[in-house]
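What follows is a set of notes on a single structure, which appears directly below.
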Amino acid sequence: MKLLVAVKRVIDYNVKVRVKADETGVETANVKMSMNPFDEIAVEEAVRLLEAGTVTEVVVVSMGIQQCQETIRTALAMGADRGIHVKTDDELQPLAVAKLLAKIVEKEAPDVVILGKQAIDDDSNQTGQMLAGLLGWSQGTFASKIELADGKANVTREVDGGLETLAITLPAIITTDLRLNEPRYASLPNIMKAKKKTIDEMSPEELGVDVAPRLTTLKVTEPVKREGGVKVESVAELVDKLKNEAGVI
Amino acid sequence: MAVLVVADHDNSAIVPIILNTVTAAAAISGDVHVLVAAEGSAAAAEAAKIAGVSKVLAADSGDYAHQLAENIAPLVVGLAGGYSHILFPSNTSGKNIAPRVAALLDVAQISDILEVVSEDTFVRPIYAGNAMATVQSSDSVKVITVRGTAFAAAEAEGGNAAIDAIDAADNPGLSSFVSAELTKSERPELTAARVIISGGRGLQSGENFEIIEKVADKLGAAVGASRAAVDAGYKPNDYQVGQTGKVVAPELYIAVGISGAIQHLAGMKDSKVIVAINKDEEAPIFTVADYGLVGDLFKIIPELDEELEKQGITPR
């Protein structure tokens with residue numbers, strides 16, 4: 001069985017994002033970049049399935065500027081076998097990413113594609129479901145547990161009311177939620193080994209996909225700031241304020 | 001042109017966030033239709049009573065009992081020609097189905113809108129709500145998910161929409177429901193609660209949540225948790241408030257033993273009144289709190305429970 005994992009390079013989750021003064025976007029110069037945390041969980045799950053012998057190959061894909069190769073190397077250091085970089089300086093929106101991934105799926109013929117449920121930059125939560133739609137495959141989104149067996153997968157999903165388990169036929173798309181696993185840190189020997197693994201480079205043109213954005217960002221602004229209030233000294237004062245000042249209890 | 005709202009439901013009732021989604025739809029068009037793909041007709045009957053809905057499309061089939069994306073998406077795609085916009089709630093059901101529909105229609109999806117600027121322009125949060133993007137769509141059909149807390153709820157009663165029965169789409173047979181472990185609680189649901197009291201890692205164990213649950217019951221509050229508390233196994237995933245969990249905006253939000261990571265603030269900073277109780281006076285949660293109380297929560301919460309008792313505070 002073969003797995004494809006998609007990873008995105010995003011501003012590190014610990015960075016306090018700043019909106020640019022000209023309202024065209026957020027500041028990305030000299031900002032620490034990392035693999036999207038949900039994608040790390042996707043890579044970890046794939047590598048665990050590889051180590052368990054359930055799957056035989058894990059291919060990792062990333063899309064965007066040259067530096068995405070660093071993100072691919074991180075996944076290779078975690079244990080993925082080889083990488084694919086779809087290189088472009090153009091903005092890629094989720095629909096375009098899903099179309100590019102669909103072309104790569106045609107070439108690579110994986111049994112399962114695992115993606116993070118959402119990227120922490122644009123917070124779209126779309127790509128996996130879109131890819132499933134384009135391919136006509138089943139989808140197991142927001143997974144907290146995956147069991148692969150006999151041409152199907154049992155996927156336990158984090159839903160509003162708790163957990164739900166679906167049986168989905170392979171080939172399938174699975175997107176990861178937070179509780180699926182805890183990603184490893186790559187060891188130094190594995191980081192060295194990853195440098196020798198191959199990364200194939202290709203362009204959206206070579207894949208025959210029109211990646212023109214469908215959404216135009218007119219402006220990006222700061223959210224309305226919430227002012228901190230007062231510190232109270234005692235429980236009695238707190239209850240009094242909530243009752244008589246705020247009127248909420 | 002009319003706007004279609006795709007309803008989330010449990011076959012017997014409509015999920016409350018649909019009322020907010022209908023309000024967003026009404027900001028786009030005066031003609032709001034609701035699709036109820038369900039097993040049985042109870043949910044459709046309820047949808048027809050929502051004020052401002054002009055028509056309910058009811059597809060009654062066992063294939064829709066669990067709202068599998070693979071089954072519902074072709075039904076929505078078949079109806080799309082008659083609509084300028086298709087709206088889903090931004091909950092786990094809407095987020096699961098909407099992008100599949102958008103891809104099949106070859107259109108972008110606009111996720112988690114907070115505001116309708118015009119029929120093609122919307123405001124949505126990015127970077128965990130640390131920036132607001134105003135985006136314009138060039139697609140013929142706009143597929144949108146709606147953040148419930150950003151729109152008022154439409155009246156659940158008072159409407160009298162016609163119910164049109166429509167045929168179910170073919171079941172592609174790609175997936176099936178196995179089981180569910182849903183949290184049973186007598187307390188209100190997080191996204192619909194007027195008051196929420198949430199616990200974080202400061203609670204130190206799942207058992208210790210008991211002390212905030214006692215307070216919750218005096219206030220008629222829902223109980224939530226930070227990601228750290230859920231990751232540590234104190235509470236199940238459906239308690240999580242934050243960027244990737246539930247986004248809430250109650251009248252009163254009480255954060256207990258929660259430091260206030262940006263991912264948590266993203267899920268609750270639109271609450272009307274925020275109270276923070278934390279032993280670390282430098283905790284970021286205090287920067288968004290209207291009322292902060294610094295101290296040991298294991299002392300403060302039982303005291304709070306007593307004080308509420310003494311003052312005869314009961315759920316509203």
Side-chain angles (χ1 to χ4, degrees), chain A residues 13 16-17 19 26 93-95 98 118 120-126 129-130 132-134 137-139 141-142 144 154 158-169 177-179 214-223 226 228-232 235-236 238-239 241-243 246 248-249, chain B residues 69-70 73 91-92 95-96 99-100 102-104 107-112 121 125-139 174-183 219 236-238 244 251-252 269 273 275 286-294 300 303-304 307-308 311 313:
Chain A
Y13 78 102
K16 175 93 179 78
V17 169
V19 173
V26 303
Q93 292 182 350
L95 182 62
Q118 136 181 19
I120 60 164
D121 50 4
D122 60 21
D123 284 332
S124 289
N125 193 334
Q126 299 175 7
Q129 299 89 311
M130 285 184 155
L134 294 175
W137 288 11
S138 60
Q139 65 186 58
T141 52
F142 325 145
S144 67
N154 272 357
E158 296 200 358
V159 296
D160 287 333
L163 296 172
E164 171 189 83
T165 303
L166 302 180
I168 61 176
T169 2
D177 217 317
L178 292 169
R179 259 67 63 176
R214 303 294 186 82
L215 298 178
T216 310
T217 300
L218 302 180
K219 62 175 177 178
V220 173
T221 53
E222 293 270 358
R226 195 179 175 108
V230 297
K231 291 251 168 66
V232 293
V235 165
L238 176 65
V239 171
K241 296 260 191 205
L242 291 177
K243 200 173 161 189
V248 289
I249 60 169
Chain B
E70 296 87 340
N91 63 3
T92 52
K95 287 175 185 175
N96 183 41
R100 192 174 179 105
L104 292 170
V107 301
Q109 178 190 304
I110 307 145
S111 293
D112 219 16
T121 304
I126 54 176
Y127 293 94
N130 286 297
M132 297 291 149
T134 303
V135 295
Q136 186 172 36
S137 162
S138 57
D139 287 317
L174 290 170
S175 58
S176 59
F177 173 81
V178 177
S179 63
E181 283 173 56
L182 302 182
T183 302
L219 297 172
N237 62 282
D238 50 296
T244 66
E251 279 188 43
L252 173 61
K269 67 181 158 64
V273 174
V275 171
F286 288 118
T287 64
V288 300
D290 299 282
Y291 304 109
L293 184 49
V294 179
I300 291 172
E303 252 181 69
L304 176 61
E307 185 69 21
L308 294 171
Q311 300 228 12
I313 305 283

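Residue numbers begin at 1 in each chain, while the letters A, B, ... track the order of the sequences.
- Of all the listed residues (A:P94, A:G229, A:G161), the one sharing the greatest number of non-hydrogen pairs under 4.5 Å with chain B is A:G161.
- Of all the listed residues (B:A102, B:S137, B:A73), the one sharing the greatest number of non-hydrogen pairs under 4.5 Å with chain A is B:S137.
- We find the CG-CD distance between A:L238 and B:E307 to be 9.5 Å, quoted to the nearest 0.5 Å.
- With a 4.5 Å cut-off on side-chain heavy atoms, A:V239 and B:L304 count as touching.
- Among the candidates B:T183, B:N91, B:T244, the residue making the largest number of heavy-atom pairs closer than 4.5 Å to chain A is B:T244.
- At distances below 3.5 Å, at least one donor-acceptor pair connects side-chain atoms of B:N237 with backbone N or O atoms of A:G162.
- Considering CG of B:L104 and CG of A:L134, their distance stands at 7.0 Å, rounded to 0.5 Å.
- Contact count against chain A (heavy-atom pairs under 4.5 Å) is highest for B:T134 among B:T134, B:V107, B:V135.
- Nearest heavy-atom pair across A:Q139 and B:E70 is N-OE2, 2.7 Å.
- Ranked by heavy-atom pairs under 4.5 Å with chain B, the list A:T169, A:V26, A:T165 is led by A:T165.
- Taking CZ of B:R100 as the start and CE of A:M130 as the end, the distance is 12.0 Å to the nearest 0.5 Å.
- Residue A:A98: no heavy atom, backbone or side chain, is found under 4.5 Å from chain B.
- We find the NZ-CG distance between A:K241 and B:L293 to be 12.5 Å, quoted to the nearest 0.5 Å.
- For A:V232, the parts lying under 4.5 angstrom from a heavy atom of chain B are both the backbone and the side chain.
- Closest approach of A:S138 to B:L174, counting heavy atoms only: CB-O, 3.7 Å.
- Atom-to-atom distance recorded for A:R226:CZ and B:D290:CG is 4.5 Å, nearest 0.5 angstrom.
- Across B:T121, B:N130, B:I110, B:L219, the residue that shares the most heavy-atom pairs under 4.5 angstrom with chain A is B:N130.
- Results of the side chain to side chain contact (heavy atoms under 4.5 Å, CB included) test with A:L242 over B:L308, B:L252, B:I313 single out B:L252 as the only residue that passes.
- The candidate from B:V275, B:V294, B:N96 with the greatest count of non-hydrogen atom pairs under 4.5 Å with chain A is B:N96.
- In terms of modelled atom types and a separation under 3.5 Å, the side chain of B:S111 and the main chain of A:S124 share a donor-acceptor contact.
- Looking at B:S138, its side chain does come within 3.5 Å of a backbone N or O of A:R214 through a donor-acceptor pair.
- In this structure, the side chain of B:T92 engages the main chain of A:D160 through a donor-acceptor pair within 3.5 Å.
- For A:V230, the parts lying near chain B are the backbone and the side chain together; criterion is any non-hydrogen pair under 4.5 Å.
- Highest contact tally toward chain B, considering only A:V159, A:V19, A:D177, is held by A:V159 [criterion: heavy-atom pairs under 4.5 Å].
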For side chain to side chain contact (heavy atoms under 4.5 Å, CB included), just list the numbers for B:Y127 and A:I120, CA-CA rounded to whole Å, side-chain angles, deciding distance to a tenth of an Å, and then say yes or no. CA-CA 6 Å; B:Y127 293 94; A:I120 60 164; over 6 Å; no
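- Each of A:T217, A:I168, A:T216 has some count of heavy-atom pairs under 4.5 Å with chain B, and the biggest count is that of A:T216.
- The neighbour count for B:E181 CD, taken as heavy atoms of other residues, nucleotides or ligands under 6.0 Å away, does not exceed 12.
- The closest donor-acceptor contact from the side chain of A:Q126 to the backbone of B:Q109 lies under 3.5 Å.
- Distance check, rounded to the nearest 0.5 Å: CD1 of B:I126 to CG of A:D123 gives 8.5 Å.
- At a 4.5 Å heavy-atom cutoff, the contact between A:N154 and chain B is made by side-chain atoms alone.
- Only the backbone of B:A289 comes within contact range of chain A, with at least one heavy atom under 4.5 Å from a heavy atom of that chain.
- Using a 4.5 Å cut-off between heavy atoms, A:P223 touches chain B through backbone and side chain atoms alike.
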